[in-house]
Amino acid sequence: MTLLVPFDGSPLASKALEKASTFGDLLDEELVVLTVVPDDAEYARDRGWITEGEPFNPEAIETGIQDRASEIASEATYRTERVSSDEPTATSTTNVVREIRRIAAEIEASVVFIGSENAGSVIAPQSSVGSPVASDQRYDVYVVREPSEDIDPAEMADIDSTID
């Protein structure tokens with residue numbers, strides 16, 4: 001069994017990673033943390049990966065998010081996938097969802113841990129990966145809807161993507 005956590009550094013994704021790490025330890029299962037980085041600076045800004053005016057640097061974003069993930073679950077296997085926005089009818093979010101689902105199938109994930117306010121909702125915003133990933137029947141889904149109470153608001157912004 002493999003546990004998969006799509007991770008973008010957000011408070012909900014961080015909580016999902018904490019839960020998955022606990023499950024992985026208890027069940028002695030492999031834990032894979034997946035970050036999907038589209039080639040879209042606006043997507044990166046919307047997620048707090050970079051600030052307004054900061055240059056889009058996928059390598060720095062990857063390093064910053066990986067550092068955050070390893071603080072939570074150092075035992076996890078970390079994986080980053082980059083997706084391009086070359087399909088004219090697909091949004092960056094659609095591309096991220098496709099990649100998460102592809103990786104979940106590739107590693108034969110038994111459970112995907114999603115940090116999402118919207119997964120399972122009747123109406124979900126176009127920018128959420130939660131509902132489309134949760135709708136896949138090939139794996140179980142653990143949805144974390146509320147972050148922990150002790151998250152420092154300063155940690156919710158930029159993920160230190162400019163650190164060399």
Side-chain angles (χ1 to χ4, degrees), residues 3-21 31-73 76-104 109 112-121 123-136 141-164:
L3 309 177
L4 176 65
V5 182
F7 187 77
D8 63 2
S10 68
L12 285 169
S14 297
K15 189 64 174 181
L17 181 53
E18 287 175 26
K19 298 278 187 185
S21 180
L31 175 60
V32 176
V33 178
L34 172 65
T35 298
V36 181
V37 180
D39 62 354
D40 181 348
E42 184 177 334
Y43 184 94
R45 268 190 292 284
D46 289 347
R47 273 137 193 88
W49 295 351
I50 59 175
T51 58
E52 192 64 42
E54 184 178 357
F56 178 68
N57 181 336
E59 292 82 15
I61 290 169
E62 178 181 339
T63 300
I65 294 175
Q66 183 173 359
D67 288 348
R68 239 189 221 177
S70 25
E71 288 173 11
I72 298 167
T77 299
Y78 187 81
R79 184 168 174 172
T80 301
E81 297 293 332
R82 295 192 189 156
V83 292
S84 67
S85 302
D86 56 1
E87 187 179 331
T89 58
T91 66
S92 292
T93 300
T94 303
N95 291 329
V96 169
V97 168
R98 285 181 187 160
E99 193 64 11
I100 292 169
R101 293 174 78 172
R102 185 187 74 77
I103 298 300
V112 177
F113 287 74
I114 301 172
S116 175
E117 297 170 336
N118 307 307
S121 298
I123 299 172
Q126 292 290 325
S127 64
S128 173
V129 300
S131 290
V133 171
S135 68
D136 197 314
V141 178
Y142 185 109
V143 179
V144 176
R145 296 178 196 265
E146 298 202 22
S148 65
E149 300 297 323
D150 58 348
I151 292 179
D152 179 0
E155 293 180 20
M156 292 184 204
D158 185 10
I159 60 162
D160 301 324
S161 60
T162 58
I163 296 175
D164 292 326

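In what follows, residues are counted from 1 in the order of the sequence shown.
Pairing each heavy atom of G9 with each of R68, the nearest pair is O-NH1, 2.9 Å. Scanning all heavy atoms of the two residues, the minimum distance from L4 to I100 falls at CD2-O, 4.2 Å. Nearest heavy-atom pair, V112 versus P6, reported as atom, atom and distance to 0.1 Å: CG1-CD, 3.8 Å. Among all heavy-atom pairs drawn from V144 and A16, the shortest one is CG2-CA, 3.6 Å.
Taking CG from L34 and CD1 from I103, the interatomic distance works out to 6.0 Å, rounded to the nearest 0.5 Å. Remark: I72 CD1 to K19 NZ distance equals 13.0 Å, nearest 0.5 Å. Put simply, CZ on R82 and CD1 on I61 are 9.0 Å apart, with the number rounded to the nearest 0.5 Å. Here CG of L12 is found 12.5 Å from CG of L17. Values are rounded to the nearest 0.5 Å.
Partners of Q66 under the side-chain contact (heavy atoms from CB on, under 4.5 Å) rule, at least two apart in sequence or in another chain, are Y78. In this view, E52 and R45 satisfy the salt bridge (charged side-chain N to carboxylate O under 4.0 Å, His left out) rule, not counting sequence neighbours. Considering only residues two or more places apart in sequence or on other chains, D40 meets the side-chain hydrogen bond (donor to acceptor under 3.5 Å, both in side chains) condition with S92. With sequence neighbours excluded, the residues satisfying ring-ring contact (aromatic ring centres under 6.0 Å, His included) with F113 are F23, Y142. Residues forming a salt bridge (charged side-chain N to carboxylate O under 4.0 Å, His left out) with E81 (at least two apart in sequence, or on another chain): R79, R102. For T77, the side-chain contact (heavy atoms from CB on, under 4.5 Å) criterion is met by E30, V32, not counting sequence neighbours. For A76, the side-chain contact (heavy atoms from CB on, under 4.5 Å) partners at least two apart in sequence or on another chain are L31, V33, A73. Judged as a side-chain contact (heavy atoms from CB on, under 4.5 Å), and not counting sequence neighbours, the contacts of D39 are S84, S85.
Considering only heavy atoms from C-beta on, W49 comes within 4.5 Å of Y43 through its side chain. For the pair T94/T91, a side-chain contact is recorded, criterion being any heavy-atom separation below 4.5 Å from C-beta on. Within the 4.5 Å cutoff, the side chain of N95 has no heavy atoms near those of the P38 side chain.
Using modelled atom types, one side-chain atom of T63 and one backbone atom of E59 make a donor-acceptor pair closer than 3.5 Å.
In the displayed structure, E42 atom CD is contacted under 6.0 Å by at most 12 heavy atoms of other residues, nucleotides or ligands.
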